[in-house]
Amino acid sequence: MNDLLAAGFLRLGGFHPAGDYPLPPLSGGRPAKSLLLIGSTGPALWPVFEKSPEHTDGMPDPLDRYTKRVLSECAARHGFEALFPFEGPPYHPFQQWALKCGGFSPSPLGVLAHGTFGLWAGFRAAFLSAAKLPDALAVAEDGPCPACTEKPCLSTCPANAISLENGYDVPVCRDYLAANPAGDCWSGCLARRACPFGAPHRQSAGTAGFHMRSFAG
């Protein structure tokens with residue numbers, strides 16, 4: 001799907017539902033037989049998004065609105081139905097779907113890590129198909145975190161908001177950001193940037209700053 005790449009997105013994986021793990025039904029109650037996980041990584045999305053009307057219209061949630069417009073159109077062109085992680089409640093289990101696709105592992109930061117993309121794979125949509133797609137096959141590879149021995153993500157956070165025991169402490173992180181308005185974290189999470197996997201796919205400064213501002217809110 002070249003139109004995905006042109007819009008700053010890519011396919012991160014796929015799977016066929018098993019009997020004990022069905023997918024949400026399609027419109028009209030039809031069963032979905034395949035799921036394609038659509039996302040973004042690294043700096044590819046930001047320059048395309050910057051040129052979109054959503055980026056400059058001053059309305060809330062510009063990236064979510066851009067994502068929904070573009071990926072809904074793409075899904076319709078290819079005969080799929082699109083679901084989005086920001087629609088809810090109830091919210092769709094995108095992390096569970098990514099683990100079903102394979103290649104991902106849970107990380108101490110609460111997001112999933114990928115062997116190629118590291119911590120820089122953002123889940124933007126899921127495309128559901130009424131047909132069983134031959135290329136929507138889960139992979140057998142595990143994500144990188146279980147084999148990572150150094151775990152620099154645990155020692156880099158200046159707020160000490162990340163640990164193996166407690167995971168990611170969001171209130172501690174937000175308090176640190178509020179108390180350090182000129183800190184390096186505002187250019188992107190330092191612990192996330194310390195991950196040795198997926199370095200070529202790190203977010204651009206514009207993307208990282210946008211997400212940090214949205215997170216700190």
Side-chain angles (χ1 to χ4, degrees), residues 4 6-10 12 37-72 82-89 91-92 94-95 98 104 106-114 117-126 152-163 166-217:
L4 274 181
F9 302 102
L10 78 166
L12 293 172
L37 185 63
I38 308 300
S40 61
T41 68
L45 175 59
W46 188 255
V48 185
F49 168 59
E50 278 189 312
K51 298 176 183 177
S52 72
E54 290 85 355
H55 182 257
T56 57
D57 65 11
M59 301 295 288
D61 305 316
L63 184 56
D64 287 349
R65 290 186 292 110
Y66 169 77
T67 297
K68 186 170 184 177
R69 174 176 63 84
V70 171
L71 293 184
S72 294
L83 302 176
F84 299 95
F86 43 79
E87 290 184 326
Y91 295 98
H92 299 294
F94 270 77
Q95 287 203 341
F104 289 93
S107 78
L109 281 74
V111 297
L112 299 186
H114 188 270
F117 304 119
L119 297 171
W120 306 104
F123 306 140
R124 304 298 178 190
C153 60
L154 299 178
S155 59
T156 309
C157 175
N160 295 316
I162 301 164
S163 68
N166 301 313
Y168 174 39
D169 193 324
V170 174
V172 168
C173 177
R174 282 201 168 111
D175 288 347
Y176 182 88
L177 287 169
N180 296 271
D184 289 342
C185 299
W186 285 98
S187 297
C189 173
L190 300 184
R192 196 174 183 185
R193 284 155 56 187
C195 178
F197 301 96
H201 302 280
R202 288 176 181 166
Q203 291 174 342
S204 66
T207 307
F210 172 87
H211 285 297
M212 292 303 284
R213 292 189 298 273
S214 299
F215 164 74

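What you are looking at is a predicted structure, and each value in this text was computed from that prediction instead of being measured.
Taking each heavy atom of Pro47 and Pro43 in turn, the nearest pair found is CD-O, 3.0 Å. Minimum heavy-atom separation, Pro108 to Cys153: CG-SG, 4.0 Å. Nearest heavy atom pair, residue Leu12 against residue Gly39, reads CD1-CA, 3.7 Å. Closest non-hydrogen pair, Cys195 versus Arg202, comes out as O-NH2, 4.0 Å.
In this structure Glu50 satisfies the side-chain hydrogen bond (donor to acceptor under 3.5 Å, both in side chains) test together with Trp46, sequence neighbours excluded. Remark: Asp57 pairs with Arg65 by the side-chain hydrogen bond (donor to acceptor under 3.5 Å, both in side chains) rule, at least two apart or across chains. In terms of the side-chain hydrogen bond (donor to acceptor under 3.5 Å, both in side chains) criterion, residue partners of Thr207 (sequence neighbours excluded) are, by chain and number, Ser204.
Between Arg192 and Gln203 there is a side-chain heavy-atom pair separated by less than 4.5 Å. Residues Thr67 and Phe49 have side chains not in contact (no heavy-atom distance under 4.5 Å, counting atoms from C-beta outward). Counting only heavy atoms from C-beta outward, the side chains of Ile162 and Thr156 never approach each other to under 4.5 Å. Put simply, the side chain of Val70 does not reach to within 4.5 Å of the side chain of Leu4, judged on heavy atoms. In this structure the side chain of Val172 never reaches within 4.5 angstrom of the side chain of Asn160, judged on heavy atoms.
The CD atom of Glu87 sits 4.0 Å away from the NZ atom of Lys68 when rounded to the nearest 0.5 Å. In this structure, Glu54 CD and Met59 CE are separated by 11.0 Å, a value rounded to the nearest 0.5 Å.
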Would you list the atom pairs, donor with acceptor, under 3.5 Å between side chains in residues 117-126 and any protein atom, with sequence neighbours excluded?
residue	atom	partner	partner atom	Å
Arg124	NE	Ser40	OG	2.9
Arg124	NH2	Ser40	OG	3.3

Give the table of side-chain donor-acceptor pairs shorter than 3.5 Å for residues 209-217, with sequence neighbours excluded, one pair per line with atom names and distance.
residue	atom	partner	partner atom	Å
Arg213	NH1	Gly209	O	3.3
Ser214	OG	Phe210	O	3.0

Could you pull out all donor-acceptor pairs under 3.5 Å where a side-chain atom in residues 177-190 meets a protein atom, sequence neighbours excluded?
residue	atom	partner	partner atom	Å
Asn180	ND2	Tyr176	O	2.9
Trp186	NE1	Leu177	O	3.4
Trp186	NE1	Asn180	O	3.0

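Between Tyr66 and Phe9, the ring-plane angle classifies as parallel under the 30° and 60° cut-offs.
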